[in-house]
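Note sheet for the following structure.
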Number of protein chains: 2
Amino acid sequence: MKIGRRVTAEEVAKAVGVSRATVGFVLNDTPGQSISEDTRRRVLTAALQLGYRPNSAAQALARGYSDIVLLVLPDWPIDDVMHHLLTEIALALDEAGYTLVAWSPHVSGAGRPLWELIPADLVMGMAPFDAEQVAALHANGVAIFPEPDDPGQSGHGGGRFAAGPRLQVDHLADLGHRRIAYARPADPRLAFLAGDRFRLVHEQAGRRGLHVVDDRVTDLGSAAAAVRDWLNAGCTAVVAYNDYVASVVTGAALRAGVAVPDELSIIGHDDSPLAEVFVPSLTTVRINLRAIAQEVAAFALRKIAGAPAGLGDGPAIAATLVPRESTATPARNAVR
Amino acid sequence: MKIGRRVTAEEVAKAVGVSRATVGFVLNDTPGQSISEDTRRRVLTAALQLGYRPNSAAQALARGYSDIVLLVLPDWPIDDVMHHLLTEIALALDEAGYTLVAWSPHVSGAGRPLWELIPADLVMGMAPFDAEQVAALHANGVAIFPEPDDPGQSGHGGGRFAAGPRLQVDHLADLGHRRIAYARPADPRLAFLAGDRFRLVHEQAGRRGLHVVDDRVTDLGSAAAAVRDWLNAGCTAVVAYNDYVASVVTGAALRAGVAVPDELSIIGHDDSPLAEVFVPSLTTVRINLRAIAQEVAAFALRKIAGAPAGLGDGPAIAATLVPRESTATPARNAVR
DNA sequence: CTGAAAGCGCTTACAG
DNA sequence: CTGAAAGCGCTTACAG
């Protein structure tokens with residue numbers, strides 16, 4: 001579809017009666033051009049009143065860069081936490097003069113992927129993606145964070161980003177729980193990330209001598225049955241994928257007459273606003289989003305600079321326990 | 001920052017040994033060119049293995065359009081509902097061959113606004129913006145939805161989008177409540193929209209003969225005091241800005257020993273996932289996001305086509321009551 | 001201080 | 001079927 005054309009710098013030049021180049025110099029504040037104050041003012045005035053706005057495509061083409069970083073996200077539900085992370089990334093990149101565009105590919109048909117449409121200096125994807133997605137992204141020149149080859153990284157939840165799930169387990173272990181369950185979200189788009197987090201929980205449970213009795217998708221419909229099964233299997237606590245899943249499990253337990261935390265402790269992940277408000281308030285784990293955002297930004301800047309972008313040896317991303325009402329020592333069903 | 005250069009179509013042409021134009025015709029599947037199957041295949045193969053990807057800036061410049069719609073959002077917290085709305089808008093535009101970029105300007109410094117950087121066919125803002133913002137956006141050629149001049153529209157909450165707040169009031173009136181309070185969110189970024197919704201609640205309350213006793217910002221810290229004050233003032237119900245605010249008020253009430261809904265009814269807005277999970281589950285109002293999304297998309301397409309983009313006489317956006325546990329008939333403090 | 005011009009990498013008539 | 005070329009609207013040396 002053709003677009004109504006706009007005023008060009010050429011026309012501004014004509015209106016003022018100066019050369020095309022002069023207009024460019026004034027508009028871009030090009031240093032070392034000594035243009036008379038009067039000329040400068042006239043150009044600026046004319047540009048303003050003609051409604052001149054530079055054509056960004058032409059600008060990007062001529063300059064060879066655009067100062068845009070395009071971040072491709074998995075097709076996740078974007079919750080408060082994700083949104084917060086994106087904001088922090090945008091801020092970190094902004095400090096370096098880059099503007100962040102966050103975009104999730106959608107299923108459908110006619111529209112083309114954004115990385116074919118906008119002139120980004122860097123297109124990067126934020127893991128986890130499955131193998132097929134990684135291949136497709138790489139074929140399109142999309143860098144992926146963290147780098148899948150990076151040792152010690154298993155998607156977004158692996159390696160240095162493992163503190164959250166570990167802390168969930170540690171908290172329950174410290175309270176004296178021995179048998180726990182893992183509750184996954186129902187949304188299939190989260191299956192991959194949930195798998196990552198579950199693996200970390202499972203490993204840490206092994207280290208701390210806990211039994212992970214069950215690992216189950218939990219939505220509003222199925223949560224009540226899951227809670228019953230877990231109690232029957234001797235569970236005294238549940239690790240939830242995130243605070244929303246924790247609230248689903250908690251809500252189901254309460255409605256089934258199971259006291260939280262007296263009969264079942266439940267810990268969430270993310271410290272989303274919901275966790276503090278829920279009754280009972282939800283014990284959870286807060287991860288250092290700003291630190292992750294700064295890694296992402298640093299990764300992007302290194303890639304743009306053409307440097308090898310391996311994550312190197314930065315410190316592990318910290319997680320903090322946020323203890324609230326939904327966890328306590330096991331009062332019943334405690335195994336030895 | 002200069003970017004590492006990429007393979008051009010020129011180089012593909014050289015590699016294959018055909019003219020630059022031929023490459024373009026093959027790549028774009030230009031009709032009416034009758035290129036031999038062999039040539040076509042060789043071009044495609046070479047492009048693939050050289051890793052050719054078209055330069056989008058050059059493409060946009062030469063074509064004069066980009067198939068991008070840039071949607072500028074107020075700097076809101078993006079919750080599930082907003083995200084859902086954006087997804088629906090993206091889908092609706094996708095059907096017309098456009099790719100949506102959603103972007104919120106952030107406060108800070110170095111990065112330039114996205115509309116100066118990407119070659120969008122249309123830049124539109126989704127209201128509400130305050131007067132100052134509207135002026136700034138207009139100066140940058142940003143179209144605003146809904147059009148502020150449009151009669152019967154007062155920002156995003158006005159006119160045809162008024163069904164939600166009205167329904168909140170109607171539900172409470174139908175139940176027999178006579179004195180109600182309005183609970184606003186603490187986030188200052190939402191002040192403008194909250195003002196819109198409050199106005200609609202106030203008007204509808206007047207129509208239904210209800211008294212709006214108080215209108216107050218409610219966060220976790222202040223909610224308990226607010227609940228006490230409301231009860232003392234004879235309120236039997238609260239209209240909340242959205243489900244999160246409703247959950248804050250409900251949580252505070254329960255912790256203060258005030259029974260919900262027996263002593264205080266609370267109704268939210270949006271039907272976010274939280275509303276169903278909370279204990280007690282929250283009565284709320286669901287708005288037809290898809291209908292709004294389709295309006296937004298239609299508005300965009302009309303603007304791009306250069307047509308007058310007035311919203312015209314579309315039907316009002318529907319809202320549906322979602323009755324749950326947090327509202328009931330007033331048991332106490334009922335006025336006459 | 002200013003003008004004439006090449007070049008960014010595409011698209012797309014226009015000749016052959 | 002293919003080649004030579006103008007043009008999109010900028011930036012930016014290079015002469016004057």
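Chain A is the first sequence line, chain B the second, and so forth, proteins listed ahead of strands; every chain is numbered from 1.
In terms of phosphate contacts, A:Gln59 brings no side-chain nitrogen or oxygen within less than 4.0 Å of OP1 or OP2 of D:dG9. Using a 4.0 Å cut-off, some side-chain N or O of B:Arg20 falls inside it from OP1 or OP2 of C:dC10. Of the side-chain N and O atoms in B:Tyr52, one or more sit less than 4.0 angstrom from OP1 or OP2 of C:dC10. OP1 or OP2 of D:dT11 sits under 4.0 Å from a side-chain N or O of A:Asn28. For D:dC10, neither phosphate oxygen OP1 nor OP2 lies less than 4.0 angstrom from any side-chain nitrogen or oxygen of A:Arg63.
Between A:Arg40 and A:Asp29 there is a salt bridge, since at least one side-chain N of the basic residue sits less than 4.0 Å from a carboxylate O of the acidic one.
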Subject >> 5'-to-3' dot-bracket of DNA chain C (Watson-Crick, G-U; under 3.5 angstrom; crossing pairs as [ ]; | other strand) >> reply: |||.||||||||.|||
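Residue-level contact check: B:Ser36 touches the backbone only, with heavy atoms under 4.0 Å from sugar-phosphate atoms and none from bases. Across all strands shown, A:Ala9 has heavy atoms under 4.0 Å from sugar-phosphate atoms exclusively, and none from any base.
Going from atom OH of B:Tyr65 over to atom P of D:dG9 covers 15 Å, rounded to whole Å. Rounded to whole Å, atom C1' of C:dC10 lies 16 Å from atom CZ of B:Arg53.
Toward the 5' end of DNA chain D, the nearer of the two residues B:Ala21 and B:Ala58, judged by each one's closest nucleotide, is B:Ala21.
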Original post:
Under the side-chain contact (heavy atoms from CB on, under 4.5 Å) criterion, do B:Ile317 and B:Glu295 qualify, and how do the steps go?
Top reply: CA-CA 10 Å; B:Ile317 297 298; B:Glu295 288 259 356; 3.9 Å; yes
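With distances taken from any side-chain atom of A:Thr22 to the nucleotides C:dT2, D:dC8, C:dT11, the minimum falls on C:dT2. The side chain of A:Thr39 lies closest to C:dT2, out of D:dC10, C:dT2, D:dA4. Distances were taken from every side-chain heavy atom of B:Ala62 (C-beta onward) to each of D:dC8, D:dG9, D:dT12; the shortest belongs to D:dC8.
Side-chain contact check for A:Phe25 versus A:Val43: every heavy-atom pair is 4.5 Å or farther apart.
The heavy-atom pair separating B:Ala300 from B:Leu93 by the smallest distance is CB-CD2, 4.1 Å.
Looking only at atom types and distance, the side chain of B:Asp121 has a donor-acceptor partner in the side chain of B:Ser66 under 3.5 Å away.
Summarising the local packing, CZ of A:Arg53 is surrounded by more than 12 heavy atoms from other residues, nucleotides or ligands at distances under 6.0 Å.
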